[in-house]
Asker: 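One structure follows; several queries about it will come next.
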Amino acid sequence: MNDSLSIRFLGTGTLFPDPHRSCSATLLDLPRTRILIDIGAGTLRRMAEFGVAPESINYIFLTHFHPDHISDLAMLLFTLRNLRRPDAPAGPLCVWGPQGLFRFVQGLERSYGKWFQFEPEEVRFYELRRRLLDFPGFRVIWDKVLHTQESVGYRFEAAGRVMAFSGDSGYCQELIRLCAAADLAVIECSHADQHAVKGHLSPSLAAKIAQEAGVRKIVFNHFYPDVLQEDPLSVAAKYFGGDILLANDGDVIELDGGVSDEG
Ligand SMILES: [Zn+2]
Ligand SMILES: [Zn+2]
């Protein structure tokens, strides 16, 4: 972690098993703060692969409770409980998520018992209520998006930059507002236009959202196999005039620079 702003894609895939794409997880490094957006299956393995220490995460923001976005949460907490080093950074891991997070965590507590009990100085859970959340050095705005009943998208504002994350979502005004004038929007692009599914985006719909929101650069992620067979970049370019990238696991985007492939 350093003082620059960067995004590292730990998982750009879906529930569809793919040797090259882990389930959803994106690391957002802000000055002095490390944030994980979603923690789907395989995230811990990707973290190990890319040198991201489990105890280096300060916050997790969950978009919804589908397993491809949340199922390594229990694994991360189990790891922290057992492997936290004496020299690990002070301060708890703060896990934020939509309404239903407390119920989800209680279910894990019932299943795992003493293996899933944490002191407040270790882990804290918060359900989203206020739409605007102020943290030291950054702020977060969230809104409901079109997927499951609880699903949310996020807008992060830090160091004069705006980064938006759709989570899983269909086309909706809430997501356009979250992405308004963003420097970078990470938008799901699940299926090709001809296979579009309600509650998910296709290249043309994702690009329209970015265009209407006035986003500078979009990065697509959350790919089912069909969408990558249809050249999503050229489809999206018909609807969006800015930069478009397809994320791969391991890609790093510096907010002031380009994309680099370290994966
Ligand atoms: Zn998903
Ligand atoms: Zn989902």
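Every number for a ligand or one of its atoms is a count from 1 in the order of the listing. As the structure is a prediction and not an experimental result, all values here were calculated from the model.
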Asker: Verify the distance test for D68 against the Zn ion (ligand 1): any N/O/S atom under 2.8 Å, yes or no.
Answerer: yes
Asker: Taking only Lys NZ, Arg NE, NH1 and NH2, and the carboxylate oxygens of Asp or Glu, determine whether R8 and D29 approach each other closer than 4.0 Å.
Answerer: no
Asker: Can you give me the OD2-the Zn ion (ligand 2)-ND1 angle for D168 and H66, to 10°?
Answerer: 160°
Asker: Quick check, are the ring centers of F61 and F165 under 6.0 angstrom apart?
Answerer: no
Asker: With R46, which of D72, D249, D38 fulfils salt bridge (charged side-chain N to carboxylate O under 4.0 Å, His left out)?
Answerer: D249
Asker: Look at E157 together with R139 and state whether they make a salt bridge at an N to O cut-off of under 4.0 Å.
Answerer: yes
Asker: What is the name of the N/O/S atom in H147 that sits closest to the Zn ion (ligand 2)?
Answerer: NE2
Asker: Taking V140 as the starting point, is it possible to reach Y126 by hopping between hydrophobic residues whose side chains are less than 4.5 Å apart?
Answerer: yes
Asker: Hey, is there an N, O or S on H222 sitting under 2.8 Å from the Zn ion (ligand 1)?
Answerer: yes
Asker: Could you tell me whether the Zn ion (ligand 1) has an N, O or S atom of C23 under 2.8 Å away?
Answerer: no
